[in-house]
Protein chains: 2
Amino acid sequence: MQNLNAIPLSSLRTIEVIARNGTLRAAADELGVTPGALSQRLAKAEAALGQVLFTRTSTGLQPTEICAQISPRLTAAIGELSLVVSDVQAIGQNTLTVTVAPIFASRWLIWRIKDFNDLNPEISLRVLPAVDVADLDHSEVDIGIRVGEDPALGAGATKLLDQRVFPVCSPEIAARIKSPDDLFTVPIIRENELLYGWRPWLSEMGLEGRDLSFGPTYADASLCLDAAMTGQGVFMAWETLACDALERGQIVAPFDVRSLTGAVYWFAVRTRSQRNPSVRKFKSWLETELACSVRYWNKQPETGA
Amino acid sequence: MQNLNAIPLSSLRTIEVIARNGTLRAAADELGVTPGALSQRLAKAEAALGQVLFTRTSTGLQPTEICAQISPRLTAAIGELSLVVSDVQAIGQNTLTVTVAPIFASRWLIWRIKDFNDLNPEISLRVLPAVDVADLDHSEVDIGIRVGEDPALGAGATKLLDQRVFPVCSPEIAARIKSPDDLFTVPIIRENELLYGWRPWLSEMGLEGRDLSFGPTYADASLCLDAAMTGQGVFMAWETLACDALERGQIVAPFDVRSLTGAVYWFAVRTRSQRNPSVRKFKSWLETELACSVRYWNKQPETGA
DNA sequence: TTTTGCATTTAGAAAATCTAAACGCGCCTT
DNA sequence: AAGGCGCGTTTAGATTTTCTAAATGCAAAA
């Protein structure tokens, strides 16, 4: 833990933001400084870590292999810090507390909170990443978003979206996959040794019954997605959780088939908060954003072809 | 994510270190600065967050309720950043890569790495938090540490330690527990809705067969431990994972009975690394440290009584 | 009552960081 | 092939932040 004394945390954030944005200018925008300042920070960070983190191209900064490996971890950790800060800042405000699965918080919601805040400056959103299935009515939480086949968190839940999945991997792995058959020759990343989502997808492709290759197993889908980005194999990803990485080009989808798993995104509201107008605003914002995440990627193949 | 522009990450680390150490002097030691500097940093951090984070006592700094809630999350996130940094720094060194469960990394190993580094400066340890059960021999990992009833990661695994569990909770909750019977009147924190470890413990206490109260459910033991610290209920914790929080007084053990779960800590070495002398050094260090973590707390009740 | 251990305050020194502008380099357009 | 555009980098100096060291105040322990 003391090794952080030598590397300022701000350097780590610099790396994370640059890796995610791809150019110094965009990163400088997000951080509210000039590109020159970032260039200096980056040089210092690389010196401190003793590693070259980006190869400079004429169109921006390309993460090196090392950087690509660590940047998802940086994003996750710094994102959690960001949530902690917004939690504290939300105290005493007109707060809407929403609990979501940790992965949904870190891979989707956190990137869109700012947009909600800009549209609704009077509401401060508090995100509680937890698998807390306790009764909403006996909690301090206004809203719960959960994915499952049955309505979650009590009968009052309404449906937000159908869950869909599709395989993702790094561009390098994708180059080895010409036809669906090639899927059986590459490592398949597992979540807790399971193969969630593969059955409906393979069946939709007419490939059921065949055994998939082995591959690394990770404890949660977030680590699996990171593994997919760093070229460890193919992962069957949730549409909503992969969309941002897909947009940034960190992962690609070798096939344009997305399958329904039967699971649904549920939106549950605590009885006491049913009439809170902020809840309605949040829900309609959420529906728009979710639809937008999904719709965008439905269009991609058409534009690409 | 942009809310971090207003609060420097160094402030968050300052808060985390102070909360964990309890006094400015100790925290200043860990950070390598003077107490005066920390006092200023803390004042600035509190101003930026708009919250008082510590009540000043004559013996040190007592975290406020808000601070106690966020500090475990800060510790986890900053600890992960620390691991990422040491991963990068280990590149090109005489590296020993060890994979452990994420919770074991963040709750136990990370706090002891520095000690290992001091004793073995020529070895740089790389910790990979993952539930990767893939064959060690086909990986870049030298060592795997896993907990389970059967030898993990192939037949070459050797036993490190028996796993033991015991209930922990915040001092406030503990005050409500006078006798074992009171356990059935307080919320019981669940990991994934399960009650891991309760059966052997209740049976050892002669309390089997009765139903425990409900309580919040979290996705992993780390969140459960946080929940226990913040007074959300009682959690059946692994000895090794609770020992540091116990030592710091963040949680207490209302009963001095620890039960064997039947699970064992396994130490597995990749074939290619069997003869690596660093592996032996790491193993013997690990055994000493593990024994020390456990022995210390066996003594506590005697000293306390 | 004295001592000890703690956090805080202050002033000035030291260090880190930023901005603005000039610059060099590829790529794309013309 | 020339010009323009967008990119990151460099520089110098100003600015801001952060630190140290020492003095101070406070409360509990001896």
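Protein chains get the first letters and strands the later ones, always in sequence-line order, with residue 1 at the start of each. Because the structure is predicted, anything quoted here is derived from the model rather than measured. We use all heavy atoms of the structure for the numbers below, so side chains are in, but hydrogens, waters and symmetry mates are not.
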Value in whole Å for how far the C1' atom of D:dT16 lies from CZ of A:R41: 14 Å
Minimum-distance nucleotide to B:A37 side chain [options: D:dC19, D:dG8, C:dA7]: D:dC19
Phosphate OP1/OP2 of D:dT17: any B:K44 side-chain N/O under 4.0 Å: no
Sugar-phosphate, base or nothing in reach of B:T23, heavy atoms under 4.0 Å: sugar-phosphate
base_contact_polar (D:dT17 base, B:Q40 side chain, donor-acceptor, <3.5 Å): no
Residue met sooner reading DNA chain D from 5', once B:G36 and A:A43 are mapped to nucleotides: A:A43
Neighbour count >12 (heavy atoms, 6.0 Å) for atom CD, A:E122: yes
Euclidean distance, atom CD of residue A:Q62 to atom C1' of D:dG8 [Å, nearest integer]: 15 Å
Side-chain N or O of A:S58 closer than 4.0 Å to phosphate OP1/OP2 of C:dG26: no
B:L61 and B:N21, any side-chain heavy atoms less than 4.5 Å apart: no
Qualifying residue, where the test is side chain to side chain donor-acceptor pair (under 3.5 Å) with A:T75 and the options are A:R107, A:R20, A:E16: A:E16
Residue whose closest nucleotide on DNA chain C lies nearer the 5' end, B:P35 versus A:S10: B:P35
Distance, rounded to the nearest Å, where A:N5 contributes CG and C:dA15 contributes P: 18 Å
Atom-to-atom span, CG of A:L38 to C1' of C:dC18 - whole angstrom: 11 Å
Separation of C:dT9 P from B:L42 CG (nearest whole Å): 11 Å
Short side-chain N/O contact from A:T34 to OP1 or OP2 of C:dT19, under 4.0 Å: yes
For atom CZ of A:F54 and atom P of D:dT9, their distance in whole Å: 10 Å
Atom-to-atom span, CZ of A:R25 to C1' of D:dT9 - whole angstrom: 12 Å
Side-chain N,O (A:R56) to OP1/OP2 (D:dT9) below 4.0 Å: yes
Trace of the salt bridge (charged side-chain N to carboxylate O under 4.0 Å, His left out) decision for B:D118 with B:K114: CA-CA 6 Å; B:D118 291 347; B:K114 183 177 159 39; 3.4 Å; yes
Nearest-neighbour nucleotide for the B:L24 side chain, D:dT18, D:dT10, C:dA7 considered: C:dA7
Nearest-nucleotide pick for B:L61, side chain only, options being C:dA7, D:dT9, D:dT20: C:dA7
Residue pair B:T230 / B:A68: nearest heavy atoms and the distance that separates them: CG2-O, 3.8 Å
